[in-house]
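Every chain is numbered from 1 and lettered A, B, ... according to where its sequence line falls, protein lines coming before strand lines. Model, not experiment: these values are computed from the prediction.
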2 protein chains.
Amino acid sequence: MSDQRATIAEAVVAAAGAFTAEELHRSLAVSAPGIGLATVYRALGAMQEAGSVTQVGQRDGSTLLARCGRDGHHHHLVCTSCGRVIAIDCPLGGSLAGREVGDGHVITRHEITLYGLCADCRAHEED
Amino acid sequence: MSDQRATIAEAVVAAAGAFTAEELHRSLAVSAPGIGLATVYRALGAMQEAGSVTQVGQRDGSTLLARCGRDGHHHHLVCTSCGRVIAIDCPLGGSLAGREVGDGHVITRHEITLYGLCADCRAHEED
DNA sequence: GTGTATGTGAGAAGCGTTCTCACTTACGCC
DNA sequence: GGCGTAAGTGAGAACGCTTCTCACATACAC
């Protein structure tokens with residue numbers, strides 16, 4: 001792994017929540033100037049393939065990513081207050097695959113994105 | 001409503017399943033040539049605002065739309081065989097809002113996209 | 001030293017979407 | 001009829017995100 005990729009990996013860890021490639025590039029411009037946008041995209045692509053970074057949605061037309069090394073079937077809760085992304089067990093208990101819904105349609109796969117408040121933001125809201 | 005918008009609305013109805021703006025524009029180029037891509041985007045935007053067309057995902061970086069006039073809380077099943085989009089009751093029974101998950105996080109909103117086979121394609125598969 | 005493989009930065013290119021602009025059409029008013 | 005206004009249109013430019021291209025750098029094996 002090159003120095004640049006290590007720096008990008010650190011920046012991903014440092015990012016508390018979801019981020020876009022450009023946001024990461026901007027934050028790197030401060031801590032490690034000189035890393036090109038293309039390099040950021042390449043590194044993020046590799047990390048997505050490796051499974052350490054996941055796509056969690058879209059924002060203003062750009063892809064929203066987040067660090068997530070979790071294995072197995074799970075979904076993500078995006079905190080609408082701080083942007084943090086939290087891995088959550090499937091609220092359907094994995095029972096959906098193969099289930100029949102409506103007039104005989106059968107489900108093979110599903111995608112769920114949850115939005116809400118993380119425990120920290122919820123505690124602050126209650127103050 | 002202008003002639004063009006009526007034509008576009010017809011094309012949306014004629015489209016069996018999910019489609020992109022460009023696919024719709026291509027199909028219009030055959031049935032009603034001369035309608036500009038910008039007009040298609042404008043009409044689809046108006047239909048989205050009116051609630052007769054809904055965004056159901058992404059394909060190759062472009063937005064996937066489908067006709068859906070259904071009111072109330074529901075989700076969409078995208079048939080992976082024919083591309084048809086079917087409105088489905090929320091498999092969570094609307095019970096998720098306000099529910100607490102994980103370590104005290106609270107959910108306010110969720111998005112679910114289901115993938116599978118519609119009843120027709122399932123019947124054909126079994127042949 | 002030489003060759004090869006991999007990664008890099010900069011900028012161009014590609015693509016989906018939106019904006020701009022001149023034009024047309026419909027409508028109301030006199 | 002003539003006039004003004006508002007809304008919609010087509011064509012193409014512009015925009016933003018992402019990917020590609022290219023020359024260069026680095027590491028390693030022989």
Looking only at non-hydrogen atoms, find the nearest pair between B:A87 and B:H74 and report the distance. CB-CD2, 3.8 Å
Taking all atoms of both residues into account, what is the closest heavy-atom pair of A:A21 and A:L37, and its distance? O-CD1, 4.4 Å
Protein-nucleotide distance ([X], atom [atom1]; [N], atom [atom2]), rounded to Å:
X     : N      : atom1 : atom2 : result
B:L28 : D:dT9  : CG    : C1'   : 14 Å
A:D3  : C:dT6  : CG    : P     : 19 Å
A:Q48 : D:dT18 : CD    : P     : 10 Å
A:L44 : D:dC17 : CG    : P     : 15 Å

Its contact letters, B for base, S for sugar-phosphate only and - for none at protein heavy atoms under 4.0 Å, make nucleotides 10-23 of chain C read BB----SBBBB---
Using a cut-off of less than 4.0 Å, is there contact between a side-chain N or O of A:R5 and OP1 or OP2 of C:dT8? yes
Flag the pair A:I112 / A:L92 as yes when at least one side-chain heavy-atom distance between them is below 4.5 Å, and no otherwise. yes
Here the gap from A:L64 atom CG to A:T20 atom OG1, rounded to the nearest 0.5 Å, amounts to 7.0 Å
Mutual orientation of the aromatic rings belonging to B:H110 and B:H75 [parallel < 30°, tilted 30-60°, perpendicular > 60°]: tilted
Using a strict cut-off of less than 4.0 Å between a Lys/Arg side-chain nitrogen and an Asp/Glu carboxylate oxygen, indicate whether B:D89 and B:R70 qualify as a salt bridge. yes
